[in-house]
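Data block below; observations after.
Bear in mind the structure is a predicted one, so any value in this text is a computation, not a measurement. Count residues from 1 along the sequence. Indexing begins at 1, ligand by ligand and atom by atom, following the structure's order.
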Amino acid sequence: MQITSFEQYEADYKKSVENPEQFWGEVAQNFQWRKPWYKVLSWDFTGPNIKWFEGAKLNITENCLDRHLATNGDKPAIIWEPNDPEQDSVTLTYKMLHERVCRFANVLKRNGAKKGDRICIYMPMVPELAIAVLACARIGAVHSVVFGGFSAKSIADRINDAACKLVITADGAYRGNKQIPLKDVIDDALIGCPTVEKCIVLTHVRTPVSMLKGRDVWWEDEVKHVNDVCEAEEMDAEDLLFILYTSGSTGKPKGVVHTCGGYMVYAGYTFSNVFNYQPGEVYFCTADIGWITGHSYIVYGPLSQGATSLIFEGIPTFPTPSRFWDVVEKHKVNTLYTAPTAIRSLMSFGDEPLNGKDLSSIRVLGSVGEPINEEAWHWFDEKIGKGKAPIVDTWWQTETGGIMISPIATVTPTKPSFATLPLPGIQPILVDENGNEIEGNGVSGNLCIKFPWPGMLRTTYGDHERCKQTYFSTYENLYFTGDGCLRDEDGYYRITGRVDDVLNVSGHRIGTAEVENAINMHAGVIESAVVGYPHDVKGQGIYAFVIFPEMHGDVELTKKDILQTVTRVIGAIAKPDKVLFVSGLPKTRSGKIMRRILRKIAEGETSNLGDISTLLDPNVVQEIIESAAKA
Ligand code: WT7
């Protein structure tokens, strides 16, 4: 299943397009099934209705755990590096992980969970997070992991959308020199979550927490009441595996749904190939398991391939900006998969943090989450890879389940800032505004995918129509990614960024409408408009234009009130970098905010704002330009 030459890539690609069912049927043979499929694929993009490996039965945890026991049971599955470098790291072999997953799966059952129930997980980056995820999959419960940076309200919205029955959390989390009171946040969230019956709390930071009788139980107590034998639930290939919420250009975040069979095949296949993973190597993905990158490339992809996956609790700059390099040296990391924002942030500290660090174990480097600028690419290549480690710039999305366009390490010739070529099975096309295909090379357009792949989303939880509208209705018979893209003379793809109202801030996906709604919840705000602007480290910063007519006292304090409101409503990750108070917003006569103009102003442009004659009140533009210049 592993591609080892460019010729083989080309041959596999050709086969995957000409005979997709045969191609994926063969790939799927590399996994363990309880019962085979009777049909590899049936699909239409209008429903959409997508089914992979129909009729097949499996449990993904048998692929991630049980099947490695006989040959690799004593091999490390997870290495955990804590936030505090003074604290010992932890290694869990496949045997140990299997045992703990089974034990915790029994805890879930003991607390009333069964196949099909939704379980919300809000935890720090500790091995128990991976254990919780896998334990859900073991019993056929659907996990919905919520990133530890989201607010109580965001959690409550997600819990209620999926009608979760259980919550798994910890007392708190460490993040650099900060402590985050996870259980407090969950307590606030659960005030408005009638479906939640039980909350399982892991002791981690051991900060005082309230434990509600009948609802809250300690992880450590519960595991004493059960044994470590838990037969995996037999799942249909198209049964739900998980829900993961992600932001779009409108409304509340959507619950992207992934199913058991196709997701497993796609995460495993892409992991093995893109990183050219070799047995015994240590693989380190710096993402949080709360995002899709962590689901697919910390947990399911690596474990399905019997790999050693390093879980890091901390942040790149704590206690010093050498931390990543210390972790690489300490654990002899072979593959480092991280985000451009982390690279740019570490770059800004210069070479000093690298002095004396042994990075010679590094063989493959990866980038994900946002376009990587050439400067960051070269720094990563020269300073970290020493010019010898291929960089895989992996483009994909929560909705795609796994990597879509990317070099294959040691196989695909790379080019700075290019995601290069589609993986086998992926058929990208560029279209113009009207949905006409833009053929040939040296062209740009909106990136769509014209044929299904096993890891694609199946629906948005509880609202199939929304899935159809968001991804399959912009252009007929195509999956629309929301990204703009260039295809150069060599046929290489470069993702240029979102073409919709979605921001990418430090690799986190944030909808402008969501931030606006949060700002508008502040009592003094009449209206607001949010746009992105180029930011040296974060990729994009958040710029908020706010109408706030009756301000009492201090402008700076009022700005902070607005940031606090956004933190409360969404979470600190969505806090605007700049807030500008204005008396009006540039609107068309039909009342639509012209973001194009605001984007230019946010970028520092004062002339060349394009046609503003259709504005209801063109004067407002001059006023905004002037106050932006003064701010
Ligand atoms: C959006 C998806 C699944 C990866 C983590 C983010 C942007 C992602 C790249 C890349 C340029 C990229 C796109 C995409 N993006 N990877 N290598 N080059 N842009 O997942 O939160 O679902 O966001 O991230 O804009 O649409 P996500």
Side-chain angles (χ1 to χ4, degrees), residues 145-147 149-150 242-249 253-258 263 266-267 270-271 274 285-298 300-301 337-344 365-374 376-377 380 391-407 412 414-423 426 428 446-449 453 455-457 460 470-471 474 479-486 492-512 514 532 538-540 573-574:
V145 184
V146 178
F147 173 63
F150 280 112
F242 67 84
I243 305 170
L244 188 57
Y245 286 83
T246 193
S247 298
S249 37
K254 298 175 281 285
V256 168
V257 168
H258 286 288
Y263 174 82
Y266 199 68
T270 52
F271 170 77
V274 170
C285 167
T286 70
D288 193 287
I289 293 176
W291 307 111
I292 190 71
T293 307
H295 282 59
S296 301
Y297 300 111
I298 294 178
Y300 290 116
Y337 188 29
T338 192
T341 185
I343 298 170
R344 287 191 298 263
L365 294 172
S367 168
V368 62
E370 45 173 325
I372 179 165
N373 49 309
E374 291 206 28
W377 195 99
F380 205 32
I391 297 178
V392 291
D393 174 2
T394 64
W395 173 82
W396 57 298
Q397 311 177 294
T398 304
E399 294 86 346
T400 70
I403 298 167
M404 301 284 281
I405 303 181
S406 169
T412 314
T414 58
K415 198 187 277 192
S417 82
F418 280 79
T420 74
L421 298 170
L423 294 180
I426 305 309
N446 291 342
L447 178 63
C448 295
I449 313 289
W453 62 99
M456 71 185 297
L457 86 164
T460 46
T470 311
Y471 306 106
T474 317
Y479 166 80
F480 176 45
T481 65
D483 281 313
C485 182
L486 163 88
Y492 269 34
Y493 291 83
R494 172 193 221 155
I495 312 304
T496 47
R498 302 288 304 198
V499 294
D500 53 8
D501 291 319
V502 172
L503 305 180
N504 193 324
V505 181
S506 301
H508 299 154
R509 188 162 147 184
I510 297 165
T512 53
E514 244 181 293
K538 297 178 171 186
Q540 272 188 309
I573 56 169

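Interface of I495 with ligand 1, defined as ligand atoms under 4.0 Å from a residue heavy atom, comprises 11 (C), 19 (N). Less than 4.0 angstrom separates some heavy atom of I292 from each of these atoms of ligand 1: 3 (C). Every atom of ligand 1 with a heavy atom of D483 under 4.0 Å away is listed here by number and element: 13 (C), 14 (C), 25 (O), 26 (O). Here is the list of ligand 1 atoms found below 4.0 Å of a heavy atom in T394: 9 (C), 10 (C), 16 (N), 17 (N).
T394 places a side-chain N or O within 3.5 Å of a backbone atom of S367 that can act as its donor or acceptor partner. At distances below 3.5 Å, at least one donor-acceptor pair connects side-chain atoms of T512 with backbone N or O atoms of D501. Side-chain N or O atoms of T270 include one that pairs as donor or acceptor with a backbone N or O of A267 at under 3.5 Å. With E514 contributing its side chain and P253 its backbone, the two residues share no donor-acceptor pair below 3.5 Å.
Considering both main-chain and side-chain atoms, D393 comes within under 3.5 Å of ligand 1 through a nitrogen or oxygen pair. Not one N or O of T246 is nearer than 3.5 Å to an N or O of ligand 1, by distance alone. For ligand 1, one of its N or O atoms has an N or O atom of R509 under 3.5 Å away. The shortest N or O to N or O distance between T293 and ligand 1 is not below 3.5 Å.
When heavy-atom distances to ligand 1 are checked against a 4.0 Å cut-off, N504 comes that close only through its side chain, counted from C-beta outward. Contact annotation: for T398 versus ligand 1, heavy atoms closer than 4.0 Å belong to both the backbone and the side chain.
The nearest heavy-atom contact from the protein to atom 2 (C) of ligand 1 is W396 O, 3.7 Å. The nearest heavy-atom contact from the protein to atom 4 (C) of ligand 1 is V368 CG2, 3.4 Å.
One finds the CD1 atom of I495 at 9.0 Å from the CD atom of Q397 (value rounded to the nearest 0.5 Å).
Shown are Y300, W396, F242; of these, the ring pair (Phe, Tyr, Trp, His ring centres under 6.0 Å) with H295 is made only by F242.
Between atom 24 (O) of ligand 1 and the options S247, G369, P371, the minimum heavy-atom separation is to G369. Here atom 12 (C) of ligand 1 lies nearest to E370 when heavy atoms of R494, H295, E370 are compared.
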Item to complete: Give the intermediate values and the outcome of side chain to side chain contact (heavy atoms under 4.5 Å, CB included) for residues V499 and F480.
Response: CA-CA 11 Å; V499 294; F480 176 45; 3.7 Å; yes
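Here the side chains of I573 and V505 are not in contact, with every heavy-atom distance at 4.5 Å or above. Side-chain contact check for K254 versus Y471: some heavy-atom pair is nearer than 4.5 Å.
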